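Scroll down for the structure; my scribbles are underneath it.
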Amino acid sequence: MAGHETAVVLLAAGKGTRMKSDLPKVLHRLAGKPLVNHALDAAAALAPSQCVVVVGPGMEDVAAAVAPHPVAVQAKQQGTGDAVLAAREALSGFGDGSDGATILVLYADTPMIGPDTLARMIAARQAGAQVVVLGFRPQDPAEYGRLVLDGSGALEAIVEYRDADEAQRAINLCNSGVMAVSAGRLWELLDRVGNDNAKGEYYLTDIVALARGDGAGCAVVEGEEREVLGINSRNDLAAAEAVWQTARRARAMADGATLIDPATVWFAHDTEIGRDVTIGPSVFFGSGVTVADGAEIHAFCHLDGVAIGPGASVGPFARLRPGAKIGEGARVGNFVEVKNAVLGAGAKANHLSYVGDSDVGAGANIGAGTITCNYDGYLKHRTEIGEGAFIGSNTALVAPVRVGKGAITGAGSTITKDVPEDSIAVSRGRHSVLEGAAKAYRERKSREKAARKKEG
Ligand code: UD1
Ligand code: MG
C-alpha cells in the first residue's frame, strides 16, 4: 500500500498429512496454479518490499515454486508462532524495527485471499492497531480459533478451539490465520510466546493477548468465508475449486462472454476471454489460454497454452495444446489436435486431424484425417503449408516438409518431399481396375467351399 512498508511471511511448512499425498500440500493446484502461488500473488498486489516463504526441511520443490522469493526453513514444526520466527533472520533489518512498517503473515493453504482484503488490513494498521487479525463468521465455526472481543469491540485475545471453554466456543467470529503485525513489535512478542497449551505448540495467535497486556491496540478486519477457506484435504481442495470456478464463470459472463452451461466450463487462473465469446458445455481451459473477441468454443474442448484469434471457431471435441495459435476466423473442427502450430487467418482443419509443429498459411484447407508426422523417433520437425494450399484427406505430411502456396496434395498421399507452389502432388498406389474380377473370385471361392464340405 502506498507509503506503508510491508513484508510478507507465508507459512508453508505444514506436512499436509490429510492430503495423503507425496506432493507437499501447498503444491496441489487450484485453477491450475499451486496453492502457495495463489497466496503469493495476492500478497504481490501490496508491492511488499520482501516476501519470505517458510518451508519444512527437504521442501526444495516448494522453494522452486516460489522462486525468486527466498525461503526460510523451519527445522521442526512446533506451531505457527515458531514458523513465523523461522523468517526472522531473512527479515532482519526490515522496516528498521519501526512501528510504521508491517509484517503480514499468510498461510499457504488459504489460497483464496484477495488483495482488497489485505489492503483493508494494512489500512487498519495505519489507523493505529499493532496487531490486525482477519476474522470471519463461518457457517460452521468447527475448530477454528475464536476471536474474543472486549466491551468496546476491540480484539482482546485469540483462543484456540482446544483451549477454549464453552462460552468461548460459542463465539462465531473466528480466526482466518491472516495477521498484519507491527514490524517493531512482532519479534519480541513472539519471543514471549510459550507452549503451555493443549497442543504443546508455540501459537502465533498468542501475540494478541500479549500485545493487549502491553496496552497495544489490536483490531479485527472481517472477511468473507469463501476468501479464507483453508485447504487440508482433497475434499477441501475440490470445494475451494468449486467456489473459485463459480466466481470466475460469473466474471466471464459479466465481461460479455456467453457460457451455455456455466457449471461445466472449467477456467484456469490465467484464462483470458474477450467479448462476445461463446463457450459451449464441458469445455476445459488449462493454463495460458487467451480467447479473442467473437470466437466460439463448441462443446467438449480441451485447451491448454493456446491463443484463439477473433471470430475463430473451435470444436466440438477439439484438443488444442501448448503453442497452438488459431488465426482470425480460422476453424478447428471435431477430433482435431493442434500442438505448437500456427493456423493463419481463415485456415481450416475441420475433421479428424493432427497438426503439430506446423505453420499453416491463411486460407489453407486441411482435409479430414491429415496427419503431420512431426516426430522421427528422435527429433521433432516442422511442416509448412502455404497460403491457400489444399491438403487432401488422409494426407501424411512427413516432416520436415513444405507445401507451397496454392498447392494441392491428393487424398491419401504420403508427402515426403517439398511440393512447389501451385502444383499438385499425388503419392499413392496407382489405381487399377480388374473388370468382373470380384464376381469371378466369389464364384471360385464358393466352389472351393462346396468341395470341402463334400469331402466331410
Ligand atoms: C490456525 C490458527 C487458528 C485458525 C486457523 C485458521 C494458530 C495457533 N491457530 O490453526 O486460530 O483459526 O489456523 O485456518 O495459529 N505451519 C507451519 N509450521 C508449523 C505449524 C503450521 O508452517 O509448525 C503452517 C501450516 O503449513 C499452515 C499454517 O501454518 O499453512 C496453519 O497451520 P495449522 O496447523 O493448519 O493451524 P490450525 O490448527 O489450522
Ligand atoms: Mg489449518
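Fair warning: this is a prediction, and the values are worked out from it, not measured in the lab. All ligand and atom numbering here is 1-based and tracks the order in the structure.
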Notebook entry, point to check: How long is the span from the CZ atom in R321 to the NE2 atom in H302, to the nearest 0.5 Å?
Noted result: 10.5 Å
Note to self: Less than 4.0 Å is my threshold; does some heavy atom of G79 fall inside it relative to ligand 1?
What the structure shows: yes
Note to self: Within the 4.0 Å heavy-atom shell around A83, which atoms of ligand 1 are there?
What the structure shows: 17 (C), 18 (N), 22 (O)
Notebook entry, point to check: Under 3.5 Å between some N or O of ligand 1 and some N or O of Q78?
Noted result: yes
Next item on the list: State if S176 counts as touching ligand 1 under the rule of any non-hydrogen atom under 4.0 Å.
Entry: yes
Next item on the list: Can you label the angle between the H38 ring and the W244 ring as parallel, tilted or perpendicular, going by 30° and 60°?
Entry: perpendicular
Margin query: Here's one to test your reading of the geometry: is the NZ or CZ of R249 within 45 degrees of the ring axis of W266 and under 6.0 Å from its centre?
Written below: yes
Margin query: Strictly inside 4.0 angstrom of atom 39 (O) of ligand 1, do you find any protein heavy atom?
Written below: no
Next item on the list: Identify which of V26, L11, V9, N197 has a heavy atom lying nearest to atom 24 (C) of ligand 1.
Entry: L11
Check: Quick check: does N232 get an N/O under 3.5 Å from an N/O on ligand 1?
Finding: no
Note to self: Quick check for you: to the nearest 0.5 Å, what is the distance between D357 atom CG and K380 atom NZ?
What the structure shows: 6.0 Å
Next item on the list: Would you please indicate if the ring centroids of Y144 and F136 are separated by under 6.0 Å?
Entry: yes
Notebook entry, point to check: If you count the non-hydrogen atoms of other residues, nucleotides and ligands that lie under 6.0 Å from CZ in R18, is the total more than 12?
Noted result: no
Item checked: Non-hydrogen side-chain atoms of D359 and R382 separated by less than 4.5 Å -> yes
Next item on the list: Kindly state if atom 33 (P) of ligand 1 has a protein heavy atom within a strict 4.0 Å cut-off, that is, under 4.0 Å?
Entry: no
Notebook entry, point to check: Taking the side chain from R169 and the backbone from Y161, do they hold a donor-acceptor pair closer than 3.5 Å?
Noted result: yes
Check: Hey, does K199 sit under 4.0 Å from ligand 1 if you only count heavy atoms?
Finding: yes
Next item on the list: Give every residue pair that meets the ring pair (Phe, Tyr, Trp, His ring centres under 6.0 Å) criterion with at least one member in residues 172-220, sequence neighbours excluded.
Entry: none
Notebook entry, point to check: Does any N/O atom on I158 come nearer than 3.5 Å to any N/O atom on ligand 1?
Noted result: no
Notebook entry, point to check: Taking atom 18 (N) of ligand 1 as the point of reference, which of Q74, E201, Q77, R162 owns the nearest heavy atom?
Noted result: Q74
Item checked: Polar proximity ligand 1 side, Y203 side, N/O cut 3.5 Å exclusive -> no
Notebook entry, point to check: Where is the nearest protein heavy atom to atom 26 (O) of ligand 1: which residue, which atom, and how far?
Noted result: G14 N, 2.8 Å
Notebook entry, point to check: For atom 31 (C) of ligand 1, what is the nearest protein heavy atom, given as residue, atom name and distance?
Noted result: Y107 CE1, 3.5 Å
Next item on the list: For T80, take its heavy atoms, then give the atoms of ligand 1 lying under 4.0 Å from any of them.
Entry: 7 (C), 8 (C), 15 (O), 20 (C), 21 (C), 29 (O), 31 (C), 32 (O)
Check: With a 4.5 Å heavy-atom cut-off, do D109 and K25 have their side chains touching?
Finding: yes
Check: When you measure from atom 12 (O) of ligand 1 to every protein heavy atom, which one gives the shortest distance, and what is it?
Finding: N175 O, 2.7 Å
Note to self: So, using salt bridge (Lys or Arg N to Asp or Glu O under 4.0 Å) as the criterion, who are the partners of D293 when residues are at least two apart?
What the structure shows: none
Item checked: Under 3.5 Å: N/O of T205 near N/O of ligand 1 -> no
Check: Looking at atom 14 (O) of ligand 1, what's its closest protein heavy atom, distance included?
Finding: Y144 CE2, 3.7 Å
Next item on the list: Verify salt bridge (charged side-chain N to carboxylate O under 4.0 Å, His left out) between D270 and K33, making sure each step is shown before the conclusion.
Entry: CA-CA 9 Å; D270 58 354; K33 181 164 78 173; over 6 Å; no
Next item on the list: Please report which non-hydrogen protein atom sits nearest to atom 27 (C) of ligand 1, along with the residue it belongs to and the distance in Å to one decimal place.
Entry: D109 OD2, 4.0 Å
Next item on the list: Say whether L204, considering both its backbone and side-chain N or O atoms, lies within less than 3.5 Å of an N or O atom on ligand 1.
Entry: no
Check: In Å and rounded to the nearest 0.5 Å, what is the CG to CZ distance from N365 to R331?
Finding: 11.0 Å
Margin query: Distance under 4.0 Å to a non-hydrogen atom of G145: what atoms of ligand 1 satisfy this?
Written below: 3 (C), 4 (C), 11 (O), 12 (O)
Next item on the list: List the closest protein heavy-atom neighbour of atom 10 (O) of ligand 1: residue, atom name, distance to the nearest 0.1 Å.
Entry: E160 OE1, 4.0 Å
